[in-house]
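First the structure, in the form of structure tokens, and then the observations on it.
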Amino acid sequence: MPASDPTIRVRIAPSPTGPLHIGTARTALFNYLYARHVGGTFVFRLEDTDVARGTAEFERDILEGLHWLGITWDEGPDAAGGGDVGPFGPYRQMQRNASHAAAAARLLADDLAYPCFCTPEELDADRKAQEAAKQPPRYVGRCAHLTAEERDARLAQGRKPATRFRVRPGVVGWNDLIRDRIEIDTANLGGDFVIVRADGTPLYNFVVVVDDAAMEISHVIRGEDHISNTPKQILMCEALGHPVPVFGHLPLILNPDGTKMSKRKSQTAVDDYRGQGFIREGLVNYLAYLGWSPGTQEDVLSLPEVVERFDIGAVQKGGARFDRDRLEWLNGQWIRRLEPDDLVDRLRPFLEAAVADGRIDRLPSDDEIRTLLPIVQERLPTLAAVVDLVGFLWTETVLGDPSILVPKRWDPATTREGLAAARGVLARHDAVTWEADELEPPLRALVDDRDWKAGDLFMAIRVATTGRTATPPLFDTLVALGRERTLARLDAAIDSLGAASPG
RNA sequence: GCCCCCAUCGUCUAGAGGCCUAGGACGCCACCCUUUCAAGGUGGAGAUCAGGGGUUCGAAUCCCCUUGGGGGCACCA
């Protein structure tokens with residue numbers, strides 16, 4: 001579509017206080033989609049203000065996770081670990097503290113903000129009283145009109161003030177990109193709010209305004225849970241003399257019970273989905289369709305295809321529940337579309353993990369994996385499913401419970417007889433190459449000869465050689481297993497049945 | 001308690017006044033294919049468009065109310 005529109009700048013500003021959250025990824029994705037669709041710039045800024053938690057690792061997780069999804073930014077920290085990229089750096093909030101302090105000083109000087117000496121105990125008592133009186137919590141304004149002498153006196157006592165922003169009376173409104181007009185009376189904002197803590201560190205709401213202005217962010221696209229922050233931010237923009245960006249509030253991603261998605265009720269870490277074998281194409285496709293649709297009947301779209309069709313105005317207003325079934329279906333769609341070599345590469349880590357925790361005994365070669373693809377690719381809802389699907393190929397013993405060896409219509413004796421006969425046929429088949437279409441005819445002939453049902457015999461062989469009742473097509477499976485192991489497993493099964501029913 | 005947002009099949013959604021006796025997808029059921037499992041194909045059940053008032057010749061679509069759901073009200077982000 002359009003080449004570029006330098007006036008449109010959007011951003012994602014995650015806080016590295018946890019692993020990359022599905023909701024953060026979705027917000028990042030929609031910003032990315034909007035920026036790419038209109039040819040604007042996508043900025044990544046880290047709100048690394050909370051030093052208390054182990055942020056370095058989470059920071060890496062977020063950067064890496066977004067890149068894994070294919071969500072790339074034009075300005076911001078380098079996902080590979082290099083320096084910041086872009087003309088508006090630094091892109092880490094902590095390194096912009098000087099500008100935050102300057103902005104706060106300016107508001108203080110203009111009396112658009114004031115020092116507040118209230119103690120946590122006082123504020124807590126206020127809140128409790130309001131709660132008891134069934135009043136909404138709000139700052140009572142104790143320090144709003146202190147005289148210079150009163151302030152000096154408190155300072156002299158060594159008290160450290162926080163900085164509060166004066167909320168002016170009136171109505172603040174904006175034209176939301178997805179919900180049209182929203183207007184909020186500032187009387188409902190909870191009174192003057194703190195923008196700088198007593199220890200001098202600035203608060204999120206304030207920093208965002210300063211940084212967004214400095215980075216010339218034109219459109220702020222974020223979750224619906226920020227709607228009540230927006231009037232405060234608009235007020236601060238006005239006070240600071242900054243242009244007010246365009247706002248767009250995305251619907252939330254919900255737990256299956258309809259509440260805001262949470263770790264408690266859902267799996268929220270992108271990395272967990274990745275670990276379970278969801279691929280980026282599936283995840284991104286799914287996320288894009290949570291709250292948006294192209295308005296056509298297309299279901300499976302690549303990231304570039306979504307970029308092409310994306311329209312921020314078509315975004316849904318109501319929240320969307322996370323539906324894992326649909327995600328799995330879409331993931332399967334994308335796994336089926338992968339090129340063989342690509343799929344082999346993506347499967348390998350899951351096989352390695354299975355070796356590491358003992359689910360399989362050895363790691364198959366790339367060639368082995370590639371050979372299996374025709375019978376495996378269309379059966380994988382996730383990459384991780386490969387272990388359950390064909391793990392029996394790389395384990396020594398396969399038969400856990402001999403009782404599943406006996407098909408419904410057969411008894412143990414018949415099963416033993418059937419397996420023995422099949423073993424004989426397959427062993428004799430030594431003269432011919434061990435290929436799927438050569439294995440089948442003689443076994444069918446055997447079935448006809450004994451008046452058995454092909455399904456019963458095949459099922460007995462299937463369970464004897466794989467330990468499972470559901471597998472890829474039998475003869476392809478036997479070929480993958482190889483002659484030696486097939487015969488050995490048949491022998492083992494026959495033995496186990498012999499022990500169970502002597503005679 | 002207060003403020004704000006939202007409301008089409010179980011779920012994700014199409015629908016921007018007549019094309020809607022509401023379409024698609026996931027999931028579910030049946031059948032076909034078939035040695036099992038998938039995949040694929042075909043068909044089906046599933047929404048009186050939350051309810052009630054308007055506006056209009058005509059409303060899922062516009063307005064109001066009710067109800068329901070959600071979000072937010074920190075010296076968190």
Side-chain angles (χ1 to χ4, degrees), chain A residues 13-18 47 49-50 116 118-120 123-124 127 130-139 160-164 176 179 182-185 187-191 193-199 201-205 207-208 223-231 249 251-252 254 256 258-260 286 289-300 313-314 316-330 332 336 375-381 385 389 407 440 443-444 447 453-463 466 468-475 477:
Chain A
S15 172
T17 52
E47 309 280 323
T49 180
D50 193 338
C116 172
C118 294
T119 64
L123 296 171
D124 203 48
R127 227 180 330 264
Q130 287 158 345
E131 196 180 329
K134 302 256 185 208
Q135 295 297 311
R138 106 189 305 272
Y139 177 60
K160 295 268 184 269
T163 304
R164 263 183 208 277
D176 198 273
R179 316 164 186 260
I182 298 181
E183 292 187 338
I184 293 175
D185 191 322
N188 296 314
L189 260 29
F193 55 88
V194 174
I195 56 174
V196 181
R197 295 184 184 90
D199 68 4
T201 57
L203 258 49
Y204 163 82
N205 241 339
V207 165
V208 158
E224 186 185 358
D225 49 344
H226 283 282
I227 287 182
S228 53
N229 283 329
T230 302
H249 291 92
L252 262 22
L254 274 20
T259 54
K260 182 179 172 183
Y286 178 72
Y289 273 72
L290 270 189
W292 175 82
S293 116
T296 63
Q297 292 188 168
E298 301 164 298
D299 293 304
V300 184
Q316 202 83 11
K317 296 186 188 78
R321 296 171 205 235
F322 196 88
D323 180 359
R324 201 188 161 94
D325 282 340
R326 200 179 159 82
L327 205 212
E328 282 198 10
W329 173 77
L330 219 30
R336 272 164 238 145
I375 60 172
V376 151
Q377 189 160 12
E378 71 190 22
R379 275 168 248 267
L380 293 175
L389 188 61
E440 186 169 355
L443 286 173
R444 293 232 178 240
V447 162
K453 295 262 193 208
D456 293 331
L457 208 224
F458 292 175
M459 182 54 84
I461 298 174
R462 166 175 295 110
V463 176
T466 68
R468 338 186 96 249
T469 54
T471 69
L474 181 60
F475 303 106
T477 301

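Note that the structure is predicted; figures quoted are calculated from it, not measured.
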[atom1] gap between [N] and [M], integer Å:
{"N": "B/rG41", "M": "B/rU67", "atom1": "P", "result": "47 Å"}
{"N": "B/rC5", "M": "B/rG43", "atom1": "P", "result": "44 Å"}
{"N": "B/rA39", "M": "B/rG10", "atom1": "P", "result": "24 Å"}
{"N": "B/rC64", "M": "B/rG71", "atom1": "C1'", "result": "24 Å"}
{"N": "B/rA59", "M": "B/rU11", "atom1": "C1'", "result": "26 Å"}
{"N": "B/rC49", "M": "B/rG68", "atom1": "C1'", "result": "16 Å"}
{"N": "B/rA47", "M": "B/rU42", "atom1": "C1'", "result": "24 Å"}
{"N": "B/rA14", "M": "B/rC6", "atom1": "P", "result": "15 Å"}

Quick one: label [X] by what it contacts on the DNA or RNA (base, sugar-phosphate, nothing), any heavy atom closer than 4.0 Å.
{"X": "A/Tyr289", "value": "sugar-phosphate"}
{"X": "A/Thr163", "value": "nothing"}
{"X": "A/Pro473", "value": "base"}
{"X": "A/Ala320", "value": "sugar-phosphate"}
{"X": "A/Pro472", "value": "base"}
{"X": "A/Ser293", "value": "sugar-phosphate"}
{"X": "A/Gly291", "value": "sugar-phosphate"}
{"X": "A/Leu123", "value": "base"}

Value in whole Å for how far the [atom2] atom of [N] lies from [atom1] of [X]:
{"X": "A/Leu327", "N": "B/rG27", "atom1": "CG", "atom2": "P", "value": "12 Å"}
{"X": "A/Phe322", "N": "B/rU11", "atom1": "CZ", "atom2": "P", "value": "16 Å"}
{"X": "A/Gln130", "N": "B/rC73", "atom1": "CD", "atom2": "P", "value": "15 Å"}
{"X": "A/Asp323", "N": "B/rA25", "atom1": "CG", "atom2": "P", "value": "15 Å"}
{"X": "A/Glu328", "N": "B/rC12", "atom1": "CD", "atom2": "P", "value": "17 Å"}
{"X": "A/Lys453", "N": "B/rU36", "atom1": "NZ", "atom2": "P", "value": "12 Å"}
{"X": "A/Lys134", "N": "B/rC3", "atom1": "NZ", "atom2": "P", "value": "15 Å"}
{"X": "A/Phe475", "N": "B/rU36", "atom1": "CZ", "atom2": "P", "value": "11 Å"}

Beyond-backbone contact of A/Arg326 with A/Tyr286, side-chain heavy atoms, under 4.5 angstrom: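 Yes, side chains in contact.
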
A/Arg179 and A/Ile227, any side-chain heavy atoms less than 4.5 Å apart: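 A side-chain contact exists here, since the closest heavy-atom pair is under 4.5 Å.
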
Under a 3.5 Å cut-off for both contacts, is [N] paired Watson-Crick or G-U wobble with anything, and if yes, with which nucleotide?
{"N": "B/rG1", "result": "B/rC73"}
{"N": "B/rA25", "result": "B/rU11"}
{"N": "B/rA16", "result": "none"}
{"N": "B/rA60", "result": "none"}

Check whether any side-chain N or O of [X] sits under 4.0 Å from OP1 or OP2 of [N], and answer yes or no.
{"X": "A/Gln316", "N": "B/rA14", "answer": "yes"}
{"X": "A/Lys317", "N": "B/rG70", "answer": "no"}
{"X": "A/Arg468", "N": "B/rC37", "answer": "no"}
{"X": "A/Arg197", "N": "B/rC76", "answer": "yes"}
{"X": "A/Arg321", "N": "B/rG69", "answer": "no"}
{"X": "A/Arg444", "N": "B/rU35", "answer": "yes"}

Between [options], which nucleotide gets closest to the side-chain atoms of [X]?
{"X": "A/Ile182", "options": "B/rA39, B/rU35, B/rC5", "answer": "B/rC5"}
{"X": "A/Ile184", "options": "B/rA38, B/rC4, B/rA77", "answer": "B/rC4"}
{"X": "A/Asp225", "options": "B/rC2, B/rG72, B/rU35", "answer": "B/rG72"}
{"X": "A/Ile227", "options": "B/rC4, B/rG72, B/rU13", "answer": "B/rC4"}
{"X": "A/Leu252", "options": "B/rG70, B/rC4, B/rC26", "answer": "B/rG70"}
{"X": "A/Asp299", "options": "B/rU35, B/rC2, B/rG24", "answer": "B/rG24"}
{"X": "A/Gln297", "options": "B/rG24, B/rA77, B/rC2", "answer": "B/rG24"}
{"X": "A/Ala470", "options": "B/rC37, B/rA39, B/rA74", "answer": "B/rC37"}
{"X": "A/Pro137", "options": "B/rC73, B/rU35, B/rC75", "answer": "B/rC73"}
{"X": "A/Trp329", "options": "B/rA77, B/rU36, B/rC26", "answer": "B/rC26"}

Within 45° cone of A/Tyr139 ring axis and under 6.0 Å: A/Arg164 NZ or CZ: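 Checked: cation-pi criterion met.
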
Residues A/Arg462 and A/Thr466: side-chain donor-acceptor under 3.5 angstrom: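 Their side chains do not contain a donor-acceptor pair, so the 3.5 Å distance test is not met.
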
Geometric class of the A/Phe458/A/Phe475 ring pair [parallel <30°, tilted 30-60°, perpendicular >60°]: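 Perpendicular.
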
Stacking check A/His226 vs B/rA77 (5.5 Å / 30 deg):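 A stacking contact exists, since A/His226 sits close and nearly parallel to the base ring of B/rA77.
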
Quiz item: A/Arg326 side-chain donor-acceptor pair to B/rU11 base, under 3.5 Å: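 Answer no: no donor N or O sits under 3.5 Å from an acceptor.
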
Quiz item: A/Arg179 side-chain donor-acceptor pair to B/rC5 base, under 3.5 Å: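 Counting by modelled atom types and ignoring angles, no donor-acceptor contact under 3.5 Å is found here.
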
Intermediate values then yes/no, salt bridge (charged side-chain N to carboxylate O under 4.0 Å, His left out), A/Lys260 and A/Asp225: CA-CA 9 Å; A/Lys260 182 179 172 183; A/Asp225 49 344; 3.2 Å; yes

Criterion side chain to side chain contact (heavy atoms under 4.5 Å, CB included) on A/Tyr289 and A/Glu298, from CA distance to verdict: CA-CA 11 Å; A/Tyr289 273 72; A/Glu298 301 164 298; 4.3 Å; yes

Stepwise side chain to side chain contact (heavy atoms under 4.5 Å, CB included) test for A/Asp299 and A/Trp329: CA-CA 11 Å; A/Asp299 293 304; A/Trp329 173 77; 4.1 Å; yes

Pairwise 5' ranking along RNA chain B for A/Thr469 and A/Cys116, keeping only the more 5' one: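 So the residue in question is A/Thr469.
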
Closest-nucleotide ordering on RNA chain B, the 5'-leading residue of A/Met459 and A/Arg138: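 Its nucleotide being nearer the 5' end, the pick is A/Met459.
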
A/Glu131 CD: over 12 foreign heavy atoms closer than 6.0 Å: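 For A/Glu131, atom CD is not crowded (no more than 12 foreign heavy atoms under 6.0 Å).
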
